[in-house]
Structures are given as structure tokens and as C-alpha cells.
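Remarks on the structure that follows.
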2 protein chains.
Amino acid sequence: MLRLSKLTDYATVILSDMAKDKTQVHSAMEIAATTRIALPTVSKILKLLVNAEVLISTRGAKGGYVLAREPENISVATVISALEGPIALTECSISQQACEQAAGCGIRGNWSLINQTIHNALESVTLADLIRPTVVPDEVLIPVSSLYR
Amino acid sequence: MLRLSKLTDYATVILSDMAKDKTQVHSAMEIAATTRIALPTVSKILKLLVNAEVLISTRGAKGGYVLAREPENISVATVISALEGPIALTECSISQQACEQAAGCGIRGNWSLINQTIHNALESVTLADLIRPTVVPDEVLIPVSSLYR
DNA sequence: TTTAAATAGGACTAAAATAGTCCTACAAAT
DNA sequence: ATTTGTAGGACTATTTTAGTCCTATTTAAA
């Protein structure tokens with residue numbers, strides 16, 4: 001269902017939580033407690049976010065995790081790719097090697113355009129936006145169609 | 001990886017194929033042959049597309065499938081939801097019932113906005129666009145960020 | 001009216017991805 | 001030294017997805 005994995009979902013919850021208190025070092029245990037996500041799972045997610053340079057970790061007693069940069073500079077796209085790998089709707093957009101159908105496939109180019117579109121949409125939303133109080137706009141304008149007309 | 005399922009991918013290939021010859025009735029066997037996708041799999045996909053009213057089927061000898069409407073009027077969003085169900089990145093955007101974290105979750109509203117954005121992007125691209133010769137534009141403009149500034 | 005060529009619907013199996021857990025090693029503070 | 005913490009990876013269980021198959025029904029044509 002074009003669904004994000006649960007882990008990614010958790011990651012956004014965790015990061016939102018951390019963003020509210022963005023200079024404080026949070027331990028995995030503490031985060032598990034406030035988010036009510038099981039500790040081993042929290043740890044796993046935090047590690048992935050460190051690898052993606054979204055978080056910075058400190059080892060040892062009083063160690064823990066902090067945001068590596070301002071919430072405004074952490075895009076949703078970054079978080080998703082940290083947890084799930086590259087954002088691409090179709091297999092052929094990632095692996096350079098042609099699929100079996102590639103020869104007669106005239107739609108690859110257009111898929112990559114759609115991927116690009118979605119990637120841009122996710123890139124433009126940041127952690128700061130996520131924790132902002134919800135505003136439901138009258139209309140959401142997406143001029144993708146203009147590309148074709 | 002925010003990936004489409006293989007079946008959805010196949011569906012776009014199948015539909016593109018059918019769109020090239022949009023008034024002709026195609027049997028499942030014929031489609032399997034030209035797309036090189038296994039027959040039982042093709043059948044499964046075609047049935048789903050009939051249920052979603054993207055295709056119209058005719059039973060019996062000389063029966064088969066045709067597009068239910070013009071390729072311009074079949075959106076990628078429709079195809080995706082036919083195969084995968086509602087397009088929603090997060091669980092909570094679909095099931096009305098609150099998740100465990102819901103109480104302290106301040107990001108649900110913003111997720112639904114992102115969902116909406118992506119849905120609109122996918123809604124604006126049609127089967128007709130998919131089979132069009134690829135054009136790579138200089139820039140893809142997505143003003144999602146403008147919603148927040 | 002019989003037969004062949006199709007789809008409809010659903011049950012079922014196999015395979016792959018995802019989620020979740022656990023263990024051992026390492027680092028820093030007290 | 002000991003305690004509190006992360007790093008990294010192996011492992012297991014669960015769920016989802018992909019793929020197959022069977023039986024019923026429908027229609028065209030011989």
C-alpha cells in the first residue's frame with residue numbers, strides 16, 4: 001500500500017520526540033520509555049540513524065544520542081532512506097542492470113520521473129515541519145501534470 | 001524502500017501494453033506471452049484491475065480484457081490502489097483507530113498532509129503519460145514546502 | 001447441443017522481506 | 001574497577017508478498 005515500514009514510522013516518532021528537546025542527550029532507554037517502543041527496537045533504529053548521520057552518539061555512562069543538526073535540516077526523505085534505503089518506487093530505478101522486460105519497456109523513463117517527484121516532495125518536508133502544529137491547507141498544489149502538458 | 005510491489009510494477013507494464021492498442025480485446029494468455037510474465041500471475045493482476053474498474057472483462061471464447069476508459073483517465077494512483085489498497089504511508093492514516101502512541105503523537109496531522117501530497121502527485125500522472133516517450137525536464141517543481149512557510 | 005476457449009473466485013504454498021531479540025565487544029564516567 | 005551506556009552483528013519469528021492451482025461459469029463456434 002505504498003506503505004512506510006513500521007521502523008520508519010517509529011523513527012519519525014523518536015526523532016520528533018528528540019527534536020522537542022534538541023540539545024539534550026537522550027539514552028536509548030529513556031527514548032524507549034517515553035515512546036513506549038521496545039528497547040531493542042529503539043536501539044536498532046537509533047543505530048541506523050547514527051549511520052545516516054542524522055544522530056550523533058556518545059558512548060559510555062551519560063552517553064546517548066543527539067540530533068546531528070537542526071530539525072529544519074533533517075528531511076523526511078533522509079529519514080526514510082536511512083531506514084529503508086534509496087527511495088525508488090520501481091526496482092529498475094535502483095539497480096542499473098536492465099530487467100527482463102527492459103528491451104520492450106517504454107515506461108522506465110517516466111517512472112524515474114515519478115520517483116523524482118516523490119523524492120522531491122519528501123525532501124521538502126523536514127522534521128521541523130513534522131512537529132509543527134497541524135495545519136490543513138485548503139488545497140495542495142502539485143504541478144507534476146504540468147510536466148506533461 | 002518505499003517500493004511498489006512487483007505486482008503493481010507488472011500491472012503498469014501490462015496496462016501500458018494494452019494502452020498501445022486500446023480498443024482491442026486481449027486475452028490473459030496473449031498478455032502473458034507479450035509481457036513474459038507468468039500466466040497465473042497475469043490472471044491475478046487482471047482480475048484485480050477488473051475489480052478496480054480499470055479493465056472490463058468479457059468471458060467465454062474470444063473473451064478477454066479491454067481498458068475501461070481512455071489512458072488519459074487512468075491515473076497511476078488508481079492502478080497502485082487497485083493492487084495495493086489505499087495509498088497511505090503510515091498505518092494511522094488508514095485505520096481510524098488510534099495507535100498506542102496516538103495520545104502523545106503530534107505528527108499524525110502532518111503525515112496525512114504528506115500522504116495527500118504524494119497521492120496528488122500520483123493522481124496527476126496517467127497511463128497516457130507513462131507510455132509517452134520519456135522527457136527529462138530540467139527541474140521538477142514541488143511547492144510542498146510552501147505550505148509551511 | 002456439444003466442445004473449446006475464456007474469465008471468476010478462492011484456496012493454497014512458497015518465498016522473501018520485515019520486525020524484533022539477543023549477545024558480545026567497546027567506551028567513558030565515577 | 002564498576003557501572004552505564006552504545007556498536008555491531010547474528011539470529012529467530014512473523015508477516016507480507018508472490019506465485020500456483022483448482023473448480024465453476026460464461027460464451028462462441030463447430
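Chain A is the first sequence line, chain B the second, and so forth, proteins listed ahead of strands; every chain is numbered from 1.
Nucleotide C/dT21 holds its P atom 15 Å from the CG atom of A/L48, rounded to whole Å. Remark: P of C/dA17 and CD of B/E84 are 15 Å apart, rounded to the nearest angstrom. The interatomic distance linking A/L49 (CG) with D/dG8 (P) rounds to 13 Å, in whole Å. Spacing between atom CG of A/D9 and atom P of C/dT18 amounts to 15 Å, rounded to whole angstrom units. As rounded to whole Å, 14 Å separates atom C1' of C/dA8 from atom CG of B/L55. One interatomic measurement links the two molecules: CD of A/E30 to C1' of D/dT4, which rounds to 13 Å at whole-angstrom precision. Atom C1' of nucleotide D/dT4 and atom CD1 of A/I31 are separated by 15 Å, given to the nearest angstrom. For A/R36 and C/dG20, the CZ to P distance is 17 Å, given to the nearest whole Å.
Remark: A/S27 is not in phosphate contact with D/dT4, judged by side-chain N or O atoms under 4.0 Å from OP1 or OP2. Distances shown here put a side-chain N or O of B/Y65 below 4.0 Å from the OP1 or OP2 atom of C/dA8. Contact between the side-chain N/O atoms of A/S57 and the OP1/OP2 oxygens of D/dA7 is found at a separation under 4.0 Å. Under 4.0 angstrom from either OP1 or OP2 of C/dA19 there lies at least one side-chain N or O belonging to A/S5. The phosphate of D/dA7 has neither OP1 nor OP2 within less than 4.0 Å of any side-chain N or O from A/N51. Look at A/T58 and you won't find any side-chain N or O under 4.0 angstrom from OP1 or OP2 of D/dT6.
Nearest-nucleotide positions on DNA chain D for A/G63 and A/K44 put A/G63 closer to the 5' end. The 5' end of DNA chain C is approached more closely, in terms of each residue's nearest nucleotide, by B/K47 than by the other of A/K6 and B/K47. Where B/G60 and A/A61 each meet DNA chain D at their nearest nucleotide, the meeting point lying more 5' is that of A/A61. Mapping B/S43 and A/L7 onto DNA chain C via the closest heavy atom, the residue that lands nearer the 5' end is B/S43.
For B/E53 against B/A68, the heavy-atom pair with the smallest separation is O-CB, 3.4 Å.
The base of D/dT25 is paired with the side chain of B/R59 by a donor and an acceptor separated by under 3.5 Å.
A donor-acceptor pair is defined here as one N or O able to donate and one able to accept, closer than 3.5 Å; such a pair exists between the side chain of A/S81 and the backbone of A/A77. At distances below 3.5 Å, not a single donor-acceptor pair connects side-chain atoms of B/T8 with backbone N or O atoms of B/L4. A/T35 contributes a side-chain N or O that, together with a main-chain N or O of A/I31, makes up a donor-acceptor pair within less than 3.5 Å.
When only modelled atom types and interatomic distance are considered, B/D17 and B/T34 share a side-chain donor-acceptor pair under 3.5 Å.
In the set D/dT20, C/dC22, D/dA28, D/dT20 carries the atom at the smallest distance from any side-chain atom of B/T41.
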